[in-house]
Amino acid sequence: MTHPPFMPTGPGFKSGYVAIVGAPNVGKSTLLNRVLGQKISITSNKPQTTRNRILGVLHRPQAQLVFLDTPGVHKASDPLNVRIVETALSSLEEVDVIVVLIDAARSDAASEGLMVKKIKGGKKPVVLR
Ligand SMILES: Nc1nc2c(ncn2[C@@H]2O[C@H](COP(=O)(O)OP(=O)(O)OP(=O)(O)O)[C@@H](O)[C@H]2O)c(=O)[nH]1
Ligand SMILES: [Mg+2]
């Protein structure tokens, strides 16, 4: 049976889930849009722009990568933001690879602490970008 070009399978074909996480406003959605070559996730200069998980699928001849753009991880105090941060952190349990995006010019110790706590002890590949 032959497969259409957008759904290739066969030996060597790989697929998997990749979460993009990081502090608010570090450019997670911008990175996803750039990787996909089209604007599917809202970006803005205001933190907490992304409020739930956004899925983007990248098709390659030998691979299919499903990216999860997530809300910014921060120390939330109000119930809405606590819930939003939980959405971001729980995405890490569902993926094969985790991309942690950090703004090299502006560290966010509280956010990094939350992410490390969640990732530590796991066996998933983590890419720091
Ligand atoms: N200088 C610089 N600015 C960037 C870069 N990537 C994104 N930005 C800007 O940073 C701001 C935030 O970008 P977003 O992609 O919305 O950030 P985000 O991490 O998705 O933010 P939240 O969803 O709110 O957590 C926007 O004004 C972008 O234009 C980068 O590599 N360099
Ligand atoms: Mg975003």
Side-chain angles (χ1 to χ4, degrees):
M1 186 181 152
T2 55
H3 298 276
F6 53 86
M7 244 355 238
T9 57
F13 185 81
K14 292 185 175 177
S15 68
Y17 286 79
V18 182
I20 304 172
V21 286
N25 224 26
V26 292
K28 300 179 293 298
S29 302
T30 303
L31 175 64
L32 174 68
N33 292 341
R34 188 61 70 91
V35 164
L36 296 179
Q38 53 185 299
K39 184 158 182 173
I40 66 146
S41 192
I42 307 173
T43 60
S44 93
N45 57 3
K46 296 197 175 55
Q48 270 103 266
T49 298
T50 307
R51 304 214 126 200
N52 30 47
R53 295 184 332 181
I54 310 283
L55 283 185
V57 185
L58 180 67
H59 298 279
R60 286 288 178 265
Q62 285 304 308
Q64 184 183 52
L65 291 88
V66 182
F67 287 92
L68 278 69
D69 181 19
T70 63
V73 172
H74 62 286
K75 223 176 165 73
S77 45
D78 60 290
L80 173 64
N81 278 295
V82 167
R83 187 76 199 88
I84 287 173
V85 171
E86 273 169 14
T87 303
L89 292 174
S90 66
S91 305
L92 303 182
E93 290 163 20
E94 300 164 29
V95 297
D96 304 297
V97 177
I98 299 166
V99 174
V100 179
L101 192 60
I102 301 248
D103 183 341
R106 192 165 39 94
S107 74
D108 186 330
S111 170
E112 286 158 23
L114 286 166
M115 290 185 287
V116 168
K117 201 169 130 195
K118 185 81 189 177
I119 294 168
K120 201 172 60 177
K123 292 197 170 64
K124 289 179 186 175
V126 179
V127 180
L128 179 64
R129 208 188 134 107

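All ligand and atom numbering here is 1-based and tracks the order in the structure. Numbers for residues simply follow the sequence, beginning at 1.
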Spacing of CG belonging to N81 relative to NZ belonging to K75, to within rounding of 0.5 Å: 14.0 Å
Min N/O separation T49 to ligand 1 under 3.5 Å: yes
Sub-4.0 Å heavy-atom contact, R51 with ligand 1: no
NZ/K124: more than 12 non-hydrogen atoms of other groups inside 6.0 Å: yes
Point-to-point distance, once rounded to the nearest 0.5 Å, from CZ of R53 to OG1 of T87: 8.5 Å
Separation of T30 OG1 from K39 NZ (nearest 0.5 Å): 7.5 Å
Proximal ligand 1 atoms for G72, defined as those under 4.0 Å from one of its heavy atoms: 25 (O)
Same apolar cluster: L128 and V21, side chain cutoff 4.5 Å: yes
Verify same cluster id: V73, L101 (apolar side-chain graph, 4.5 Å): no
Nearest protein heavy atom with distance in Å, relative to atom 29 (O) of ligand 1: T30 OG1, 4.5 Å
Sub-4.0 Å atoms of ligand 1 with respect to non-hydrogen atoms of N45: 27 (O)
Any G22 heavy atom less than 4.0 Å from ligand 1: no
Atoms of ligand 1 close to P47 [distance to a heavy atom under 4.0 angstrom, numbered from 1]: 24 (O)
Closest to atom 12 (C) of ligand 1 among S44, A23, G27 (heavy-atom distance): S44
Short N or O distance, P71 and ligand 1, threshold 3.5 Å exclusive: no
Atom 7 (C) of ligand 1: any protein heavy atom closer than 4.0 Å: yes
L58 atom CG, over 12 foreign heavy atoms within 6.0 Å: yes
I102 with V99, same ILVMFWY side-chain cluster at under 4.5 Å: no
side-chain contact (heavy atoms from CB on, under 4.5 Å) assessment of L68 paired with I54: CA-CA 6 Å; L68 278 69; I54 310 283; over 6 Å; no
Transitive ILVMFWY side-chain link I84 to L89, under 4.5 Å: no
Residue of the set D69, T70, T43, T49 for which side chain to side chain donor-acceptor pair (under 3.5 Å) holds with S29: D69
Proximity to ligand 1 by part of S29, non-hydrogen separation under 4.0 Å: both
Part of K28 within contact of ligand 1 (heavy atoms, under 4.0 Å): both
Which of the ligand 1 atoms, numbered from 1, are nearer than 4.0 Å to a heavy atom of K46: 24 (O)
Identity and separation of the nearest protein heavy atom to atom 10 (O) of ligand 1: N25 O, 4.1 Å
With V126, the side chain to side chain contact (heavy atoms under 4.5 Å, CB included) member among I119, V116, L92, V97: I119
Interfacing atoms of ligand 1 (cut-off 4.0 Å, heavy-atom, P24): 25 (O)
Heavy-atom donor-acceptor pair, D103 side chain to V26 backbone, under 3.5 Å: no
Protein contact for atom 31 (O) of ligand 1 (heavy atom, distance under 4.0 Å): no
For atom 23 (O) of ligand 1, closest protein heavy-atom neighbour: T50 OG1, 2.8 Å
Nearest protein heavy atom under 4.0 Å from atom 3 (N) of ligand 1, yes or no: no
The Mg ion (ligand 2) neighbourhood, protein N/O/S only, threshold under 2.8 Å: S29 OG, T50 OG1
Hphob cluster co-occupancy, L55 + V57, side-chain heavy atoms under 4.5 angstrom: yes
Check: K28 side chain, A23 main-chain N or O, donor-acceptor pair, under 3.5 Å: yes
